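Structure record follows, encoded as structure tokens.
Proteins get letters first, then strands, A, B, ... in listed order; numbering begins at 1 in each. Note that the coordinates shown come from a computational prediction; the quantities given were computed from them, not determined experimentally.
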There are 2 protein chains.
Amino acid sequence: MSPTVERAGNSVATKSGRQRAILDLVRSRTIRTQEELVGALRSRHLDVTQATVSRDIRELGLLRVPAGSGVRYLLPAAEIDAEAARSRLHNALSQHTQGIEFIDLLGIIHAQPGTASLVAVALDNARFEELAGTVAGDDTVLLIARSRPAGQRLLARLRTILEEPA
Amino acid sequence: MSPTVERAGNSVATKSGRQRAILDLVRSRTIRTQEELVGALRSRHLDVTQATVSRDIRELGLLRVPAGSGVRYLLPAAEIDAEAARSRLHNALSQHTQGIEFIDLLGIIHAQPGTASLVAVALDNARFEELAGTVAGDDTVLLIARSRPAGQRLLARLRTILEEPA
DNA sequence: CCGGCGTCTGCATAAATATGCAAGGGCGGC
DNA sequence: GCCGCCCTTGCATATTTATGCAGACGCCGG
């Protein structure tokens with residue numbers, strides 16, 4: 001097999017294109033075995049063997065987890081964690097929060113009495129790189145952004161997360 | 001093999017004892033293959049075969065993840081979370097709490113002034129199935145158990161957590 | 001006391017995954 | 001253009017994991 005037969009640029013017969021396809025497949029449907037993955041890749045015109053898929057899976061760090069009677073592959077822990085943290089943050093924000101504003105580097109979140117530290121923990125876990133840290137009082141969380149624009153980005157991201165249906 | 005050869009109660013040759021040992025091993029050292037796990041169990045005087053370990057791993061939902069050149073087993077995310085929550089609860093209880101008692105379905109935790117909601121949050125996060133919910137005042141947390149026996153179990157579990165070194 | 005049924009386990013083996021090896025191709029230096 | 005080096009892959013196979021089946025045991029219900 002030639003490593004670089006095509007160059008359609010973003011999604012085909014290169015190694016990284018294939019790996020992107022694998023991530024996509026694993027994310028969107030249930031993949032139980034490497035052979036199954038090989039089949040799915042074939043139907044995307046990516047012809048590979050199980051051996052290659054095995055190597056890809058290692059490089060991508062995919063998890064193999066027991067699911068029902070059998071096993072399935074999942075996205076790497078880092079992705080799962082980020083996603084889980086995101087969703088917990090959504091819950092925390094939507095349940096306990098009354099407002100968010102940013103003034104320069106500093107963000108203020110008004111939360112319900114006693115829930116500030118809960119919200120702060122959720123924020124910490126989400127690991128935004130724009131966010132240097134949080135301080136929780138009883139009903140207020142103070143956020144310290146890494147820069148003024150970072151603060152604006154963070155505000156936008158939080159608003160998005162808050163509105164997301166997920 | 002007999003399923004209930006012993007009844008020393010807390011850690012031996014029953015299925016659940018073995019599974020606890022497996023969790024313990026996976027937590028504390030790097031387990032790369034099921035055979036390796038079999039060996040480790042042997043040295044704890046738990047004689048099993050790879051087949052049994054395979055079934056245990058499925059039941060426990062252990063993750064198999066690529067690690068360096070090779071693979072290793074890890075605890076499922078749920079457990080990791082539960083464990084983290086447990087440990088936070090331990091901290092919360094031991095730092096802010098002065099006493100726990102149960103009367104029928106209702107539990108009362110006396111906490112230091114202003115810390116009740118903190119403790120309550122930690123309890124909520126620990127997701128005990130015996131626990132229907134909590135109400136936090138300023139220095140008192142009220143717990144509502146799902147049943148009388150659930151209340152007793154919960155009390156026992158909380159006391160254990162409180163005393164645990166971990 | 002005697003089936004009957006369900007659970008748990010080992011054994012043997014099937015199924016799935018990982019890997020040593022060698023081949024093919026790209027790329028840079030000469 | 002030729003050579004050497006590196007990267008990627010398939011093939012064949014080793015290694016690892018899952019499972020069909022049968023035996024052993026406990027727990028009823030009669």
Which nucleotide in the set [options] lies at the smallest distance from any side-chain heavy atom of [X]?
X	options	answer
B:K15	C:dT9, C:dA18, C:dT17	C:dT9
B:Q50	D:dA18, D:dT19, D:dG10	D:dA18
A:T33	D:dT9, C:dG10, C:dA16	C:dA16
A:R55	D:dT19, C:dT17, C:dC21	C:dC21
B:T49	C:dA18, D:dG10, C:dC11	C:dC11

Mind calculating the distance between [atom1] ([X]) and [atom2] ([N]) to the nearest angstrom?
X	N	atom1	atom2	result
A:I57	C:dT17	CD1	P	7 Å
A:D56	C:dA16	CG	C1'	17 Å
A:R64	C:dA16	CZ	C1'	7 Å
B:L46	C:dT9	CG	C1'	14 Å
B:Q19	C:dT7	CD	P	15 Å

With a 4.0 Å limit, can you tell me whether [X] has a side-chain N or O closer than that to the phosphate oxygens OP1/OP2 of [N]?
X	N	result
A:Y73	C:dT17	yes
B:S54	D:dA18	yes
B:Q34	D:dT15	no
B:T52	C:dT9	no
A:R58	C:dT19	yes

Is A:F102 close to A:L154 at the side-chain level, that is, under 4.5 Å between some pair of heavy atoms?
yes
Could you go through B:L89 and B:L123, starting from their C-alpha distance and side-chain angles, then the distance that decides it, and tell me whether this counts as side chain to side chain contact (heavy atoms under 4.5 Å, CB included)?
CA-CA 6 Å; B:L89 178 58; B:L123 279 164; 3.9 Å; yes
5' precedence on DNA chain C between A:A51 and B:V53 (nearest-nucleotide basis):
B:V53
Listed by chain and number, what are the side chain to side chain contact (heavy atoms under 4.5 Å, CB included) partners of B:R55, not counting sequence neighbours?
B:A51, B:T52
Starting at OH of A:Y73, measure out to CG of A:L37 and round the result to the nearest 0.5 Å.
8.5 Å
